[in-house]
Protein chains: 2
Amino acid sequence: MDGKRRTTPLARTCEVPHACPAPLRLKVLSHAPWFAGLSAEEIEAIDRRMRVSGYAEGETVYRAGAPATHLFILATGRVKVLRPSLDDGEVLVDVITPGAMFGSLAALGNSACPDTARTLTVSCALRLSAEGFREVLRRHPGVALAVLDDMAARLEASQQAMRRLAGGTVEQRVAATLLTLAGKLGEPRGDTVLLQVPLTRSDLAAMTGTTTESVSRTLSRLRRDGVVSTGRRWTALTDPARLARIARG
Amino acid sequence: MDGKRRTTPLARTCEVPHACPAPLRLKVLSHAPWFAGLSAEEIEAIDRRMRVSGYAEGETVYRAGAPATHLFILATGRVKVLRPSLDDGEVLVDVITPGAMFGSLAALGNSACPDTARTLTVSCALRLSAEGFREVLRRHPGVALAVLDDMAARLEASQQAMRRLAGGTVEQRVAATLLTLAGKLGEPRGDTVLLQVPLTRSDLAAMTGTTTESVSRTLSRLRRDGVVSTGRRWTALTDPARLARIARG
DNA sequence: CGTTCGTTTGACGGATATCAATGATTGTGG
DNA sequence: CCACAATCATTGATATCCGTCAAACGAACG
């Protein structure tokens, strides 16, 4: 790139929280994987079952330990999913993008949430109670199949991620993790992909099963080699192809 | 126990393959998590949709790469799930016990199986086509919810396993893996828990993300300390409590 | 009995965790 | 607007775990 950029390439998000309007909600729902293929009427029927909530940046949607009573579908914004770690901290587990579901499906109705959800930006989410969820599944069998597909895909992804984490060097794991994140929420900027996520070294360390120092060293090396460039609240993959090669070994 | 046993504590399985009889099938189905709470008539209706197959020891149920056309529910026996590794080998991913489902739900109908299933013992499995599965879900919404719970639980378990594998020493990971396996298919023998699974060092290594040598060393140490004892086709946890303490660190 | 496969043990080097110190960035209160 | 504190990032030195290479051993199988 130009090599003289002095400002961060971040777009500041400083809007006020808001509940998103009906047309947007319907658009999001009709594009969400869970409800693909449903008729407009069905989408509207489902929409009527859901409550809308707007959240400010950094607001907590639900907290680990609280009873899991609702599922959420993100309409706009970004939400991070955090899991309490042993030493009283929190580690980033996932980042949710619009159209995706979050909330503790496993714990629904029975036990406590294993994790916390907090917004990264101003966000709007649709909320569905456990009872409402069951009702939707009963009424729309096609949705149940889609949800099942989603869960199966997540399971498969999780198992693949596990295998990635198990073997390989720290560099490979960091590279693979960055690529996964980029695939999910990267924004293309010419050749490079920009990750507008406040990703601390500790977050990356927890995700790759290593320490903050090792992550820092690895990123320094990658930066020297011109593969990535980083700032405090962003990360850019300047050579994704090369990064992929590194991830594969 | 008697303390003077010189032979391996294994029960030989040398029965002939067979398709299990209807009463057994119904018993298995009514105890399977997916169909819990269904009426006898519903169970029978589902049973009629399924085909029964008997398998000999070591027989392949389905092979990685083949199109994923069926789901299976294990009625009797043990089935191992293997995933092809990069170097042309196979690594053990999971062991299925009666009542549990196996088969590539994620790939159903669309893509190819990511893994292979092979019997560890003479087994009997119920087979359900992708179409039949969708049909069952449509007809019995309660089953869809149970399946969803199952998938969610598996996803949660997978993510926890991932976190376990990510951090910690080889000893901790091996201990945790042994405990997980024991919880799934261990047979209590007084204080100790017996794992009647042909578990090679390579299998354990792949599951814990390390090498056969490291696993061997670790098990030798644990054996010296009286925590486990191993044979060629079995593993026994002689002090599960201590092993759990090791796993936690 | 020899072959093969899995296991065990040793020696060694490299990757990486740990400890420690410094530098950079952000946010805060004056 | 500035100084300060707090947090995060970076870098270095050192110890150690563990992966790699190598060899011996044992069990199963024909």
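Just so it is clear: chains get the letters A, B, ... in the order the sequence lines come, proteins before strands, and each one is counted from 1.
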- Think Thr211(A) has a side-chain N or O under 4.0 angstrom from the OP1 or OP2 of dT16(C)? no
- Query: Ion pair present between Lys80(B) and Asp203(B), side-chain N to carboxylate O less than 4.0 angstrom?
  - Reply: no
- If you check every side-chain atom of Thr230(A), which of dC18(D), dT7(C), dT10(D) has the closest atom? dT10(D)
- Among the nucleotides dT26(C), dT8(C), dG19(D), which one has an atom lying closest to any side-chain atom of Arg201(B)? dT8(C)
- Task: To the nearest Å, give me how far apart CD1 (Ile246(A)) and P (dA15(C)) are.
- Result: 15 Å
- Would you say a side-chain N or O of Thr210(A) is under 4.0 Å from OP1 or OP2 of dA17(C)? yes
- Note on the structure: The correct set of residues in residues 212-227 of chain A placing a heavy atom under 4.0 Å from DNA chain C is Glu213(A), Ser214(A), Arg217(A)
- Query: Are Glu59(B) and Arg118(B) ion-paired here, with the side-chain N under 4.0 Å from a carboxylate O?
  - Reply: no
- Leu204(B) CG to dC18(D) P, straight-line distance once rounded to whole Å: 15 Å
- Query: Taking NZ, NE, NH1 and NH2 as the nitrogens, is one of them in Glu187(B) or Arg189(B) under 4.0 Å from a carboxylate oxygen of the other?
  - Reply: yes
- Item | Carboxylate-amine/guanidinium proximity below 4.0 Å for Glu156(B) and Arg154(A) | no
- Query: For the pair made of CD in Glu171(B) and P in dT16(D), what is the distance, rounded to whole Å?
  - Reply: 16 Å
- Message: Is it the case that over 12 heavy atoms from other parts of the model lie below 6.0 angstrom from the CG atom of Asp225(B)?
- Response: yes
- Message: With a 6.0 Å cut-off (strictly less than), is the heavy-atom count around CZ of Arg223(B), excluding the residue itself, greater than 12?
- Response: yes
